[in-house]
Q: 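Input: one structure, supplied below.
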Amino acid sequence: MSTTDTDNGRDQEELGAAGSQLSTAPREEPVSAGPGLGVLGWARWFWRQLTSMRVALLLLLLLSLAAIPGSLIPQTGADVNKVDAFRQAHKTLGPVYDKLGLFHVYSSVWFSAIYILLFVSLIGCIIPRTWQFVGQLRGRPPGAPKRLTRLPAHTTWRTTADPEQVREAALALLKKRRFRAHVAGDAVAAEKGYLREVGNLAFHIALIVLLVAFASGQLYKSDGTKLMVEGDGFSNALPMYDDFRSGSLFKPDDLVPFSFDLKDFRGTYEISGPNRGTPRTFEAKIAYSKGADGKEQRTTIKVNEPLKIGDSKVYLVSHGYAPVVTVRDGKGTVVYHDAVPLLPLDGNVTSNGVVKVMDGYRDPQGKKDQLGFQAFFVPTFDPKAGTMLSRFPALLNPLLAVNAYHGNLGVNSGQAQSVYQLDTTHMKAFKDAKGQLLKKLLQPGDTMQLPNGAGSITFDKQVKEWAGFEIVQEPGSGWALGGALAAIFGLAASLFIQRRRVWVRAVRGADGVTVVEMAGLGRSESAKVPEELGDLAGILYDQAPGAPDGPEAEPDGASDSDVPATEGVEN
Amino acid sequence: MTLAATELAVATNEHLASISNTLIYSSMAVYTLAFFAYIAEWLLGSRSKVGRTAAALTSAGAPKEAPAVTVKRGAGTAVLERPKVVVRSASGARDVPDGPGAHGGDAQGDMYGRIAISLTVLAFLVELGGVVARAASVERAPWGNMYEFNITFSTVAVGVYLGLLALKKNVRWMGLFLITTVLLDLGLAVTVLYTASDQLVPALHSYWLYIHVSTAIFCGAVFYVGAVATILYLFKDSYESKLQAGGKPGSFASSVLERLPASASLDKFAYRVNAAVFPLWTFTIIAGAIWAGDAWGRYWNWDPKETWSFITWVGYACYLHARATAGWKGRKAAYLAMIAFGCWLFNYYGVNIFVSGKHSYAGV
Ligand code: HEM
């Protein structure tokens, strides 16, 4: 692993070219460097600022700050009801938040401005760094600095071998260790770890891929829901949806053609213990076919296992009960017979909804009329509990409570109407003998008679289940995943690979004995560089063994400390 | 399953859950003993006057005794000894030696330190047993709620510390700080956060969840170790600056900080730890996004938990960038690391408690 704390100043001063270009990080401009003259000068100055590390850092900081409000204030993208509740509760703050776009932070102007600037900066940074890196790859590692003893790790010995022999052996050794090496003057210069730069560039490029994929996903996505009772069918076209949202560039033709039928829904629950009633599994057995008329296939959709067809994914998101009811008119003719999906109100699937008989019904006088029933359903009724709420989510002791209205359902008034609510403004309640609202608790098979021969409603001995599906199409998620994976690998290469240089100088000393000097330089201080240098020196020493007797080595500069490699910098 | 079999299974599960509770309480007792042993190590260590930092820094003005560069040559051709590598420290860093550790070179202190580590190992094993029993009792991974998350988290944090010790890394000085927070974490878990063992709702059944949460816990534990090092770096760094400027730090500060590694070593350690888990943290977020894609239909929802993971990620990216930016190295970068860890903590506690989002349905 390497550290990023290169000390450019020191490297430049003491090493000359040897330490330069050991990375592709942009050179830091002094803060005071004001713009030159004219528009071009200003543009150049602005561009240089924008692509500097300092501004990249500030933009990153800003991005993380800007992401905070969206996690604390309700967001329209996540839950519109909460936003409305917040607006109701905070009369003064609400409009201010609206102005600032705080209810949709992640699509607000200021949030977009930050990340767009960041990505312009990123692109402006990557391009020159890539060129610089290509230049480094085409060039050769810089030659040995004059004084190898000035380098962070170095070693030297006197040998009986010839200088040429030593250089040849060093060249062969370094090449074998996959260094890029060449002989420059009296020394071998070698460099390794270019993958670090590749990784770093790949990481930053992957960030761009990720963002573009994310943005295009937002623009082209579509997302709709469909509630299906067991036995219902669905084909993927706009009119089939209960509810549909899409990105601004989405076209209805983009919907992947397929269809499916819900055959069976099954939920199982914890039957005992402290968490009695907690769901264990939800699964929907379906038959589907791809395209307009593909072959029928069967599969099961579970909560975490959507059905994937092309770019489209079908998720199981909700479920509930649909008791089957039969409504008869005064003559006993069946005017309605269907499963009525009801919406759950709590974890034990206490549910409510309505039965609407829109046509075919005639009142005892033979006049056309409409009927509406409000239904309240519990899958497990416990007479001892003293409450109408369900005690368990599965169908153990179902009970249906209904009341009844007649009149105008208002379905044709042109206004969109919820299928789960009864608009009673133009309806009259049926009354019981005491003049109270007529209502009755029905067990499967029970019937409630409407007064004066107006008909009846029967809770058939059948309760179907329904499943709610969300059908999502978000193109580009493959690219996003690819970008994310590339980012991880790039990052790992960039953080774990150390780019470093090694020089081996062999010259004949004044007394005719060859002196070998080796030195290593990493982008940062790390125990790995001296360790590797020690390794290389050990091998080379075997090929160029030490010469007996020589003058004492001269003490080096005063600030040098003598630390054996193994006890060196803590790693 | 017949009713009888179900009841039997429930009985064994409740039995296992109570074993788990016993083990967790026992581990707390052993951690407490370890805590006192660490205290003894620090107290006994204060008897010895170390003063290495002070010595190194106050003599900095005078020319240092020039250490001869001893380059070993094979004495004669018969001996094939490796040439010795000479390492120069960077000119920017202060030339301060690492402190000797909590025991301050005191033999008795050292013994208590070793006892403390042995107790920590024991407590770790007991706690691990508690976590495993809990997992067995609920028949799933032990992180369905914050109680389980806390006990798993502290186990992993201690595991990371012991792992680093086993790798012969210089981290022993961290023991007291770590065990103190582990005790706080466990105390919080058993008092405020305790939840009877339960099953997960179907949305939490996914192997991506297992990958996502286990890496999240591991990253948290490593970030935590990094944060401890960063805090101590900040203290030690101001201590060194004060000495260098000729100031006189208080005797308590001196006694504690003398024994810690040099600020440069602490800084480097913190960086290595944070940098090493950053790719894993990136992967954690991606695994979470894949899971979200499978469970909710969209891989990124700006749900508060996701948002704070992202903020934490950007925070650590800032830290890594800061270290490559002139004028931001050292203390400023360390502050960024602290902020990033603060974001992680908020994501872990704050979001679960104060903010409601899709993640909250696992129960506090
Ligand atoms: C989109 C936001 C960005 C993120 C999340 C990000 C993240 C990172 C991370 C995590 C590293 C550490 C890897 C390493 O140390 O090798 C890094 C390094 C680096 N980044 Fe960024 N970065 C972003 C934008 C930028 C921009 C706009 C620039 C150009 C000014 C830039 C230039 C660099 C450079 C030069 C390095 C390598 C530093 C070195 O070689 O020591 N980054 N970035």
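Each chain gets a letter, A, B and so on, in the order the sequences are listed, and its residues count up from 1.
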Q: Is it the side chain or the backbone of B:Ile290 that comes within 4.5 Å of chain A heavy atoms, both, or neither?
A: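 Only the side chain of B:Ile290 comes within 4.5 Å of chain A.
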Q: Where on A:Lys302 is there a heavy atom nearer than 4.5 Å to chain B: the side chain, the backbone, both, or neither?
A: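 Contact with chain B involves no heavy atom of A:Lys302 at all.
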Q: Work out which heavy atom in A:Ala213 is nearest to a heavy atom in B:Tyr299; give both atom names and the distance.
A: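 That would be O-OH, 4.4 Å.
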Q: Would you mind telling me which of A:Lys313, A:Glu470, A:Glu474 has the largest number of heavy-atom pairs within less than 4.5 Å of chain B?
A: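 The candidate making the most pairs under 4.5 Å is A:Glu474.
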Q: Picking from A:Val516, A:Val472, A:Leu491, which has the most non-hydrogen pairs under 4.5 angstrom with chain B?
A: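 The candidate making the most pairs under 4.5 Å is A:Leu491.
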Q: With a 4.5 angstrom heavy-atom cut-off, is it the side chain or the backbone of A:Ile68 that approaches chain B, or both, or neither?
A: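 Both parts, backbone and side chain.
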Q: Counting only non-hydrogen atoms closer than 4.5 Å, does A:Phe214 touch chain B with its backbone (N, CA, C, O), its side chain (CB onward), both, or neither?
A: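 Both the backbone and the side chain of A:Phe214 come within 4.5 Å of chain B.
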Q: Look at A:Asp223, A:Val317, A:Leu481 and state which one has the largest set of heavy-atom pairs under 4.5 Å with chain B.
A: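 Maximum pair count with chain B is reached by A:Asp223.
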Q: Report which part of A:Ala480 has an atom under 4.5 Å of a heavy atom belonging to chain B: side chain, backbone, both, or neither.
A: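 It is the side chain, since no backbone atom gets that close.
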Q: Pairs of donor and acceptor atoms involving the side chains of residues 273-282 of chain B, under 3.5 Å and at least two apart or interchain, shall be tabulated with distances.
A:
residue	atom	partner	partner atom	Å
B:Asn274	ND2	B:Ala270	O	3.3
B:Thr282	OG1	B:Phe278	O	2.8
B:Thr282	OG1	B:Trp313	NE1	3.0

Q: Among B:Gly293, B:Pro261, B:Gly330, B:Ala289, which residue forms the greatest number of heavy-atom pairs with chain A at distances under 4.5 Å?
A: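 Of the candidates given, the most pairs with chain A belong to B:Gly293.
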Q: Can you tell me which of A:Ala67, A:Ala487, A:Gly70, A:Gly217 forms the most heavy-atom pairs within a distance under 4.5 Å of chain B?
A: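 Top option by heavy-atom pairs under 4.5 Å: A:Ala67.
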Q: Report which part of B:Ile339 has an atom under 4.5 Å of a heavy atom belonging to chain A: side chain, backbone, both, or neither.
A: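 For B:Ile339, there is no contact with chain A at all, as no heavy atom is under 4.5 Å.
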Q: What residues form a ring-ring contact (aromatic ring centres under 6.0 Å, His included) with A:Phe111, not counting sequence neighbours?
A: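 Partners of A:Phe111 under the ring-ring contact (aromatic ring centres under 6.0 Å, His included) test: A:Tyr106, A:Tyr115, B:Trp302.
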Q: For the residue pair B:Cys318 and A:Leu57, what are the closest heavy atoms and their distance?
A: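 Distance-wise, the nearest heavy atoms are O-CD1, 3.3 Å.
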Q: Looking only at heavy atoms, what is the nearest atom pair of B:Val314 and A:Leu60, with distance?
A: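 For B:Val314 versus A:Leu60, the nearest heavy atoms are CG1-O, 3.2 Å.
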Q: Looking only at heavy atoms, which two atoms of B:His321 and A:His204 are closest? And how far apart?
A: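 Closest approach of B:His321 to A:His204: NE2-NE2, 3.9 Å.
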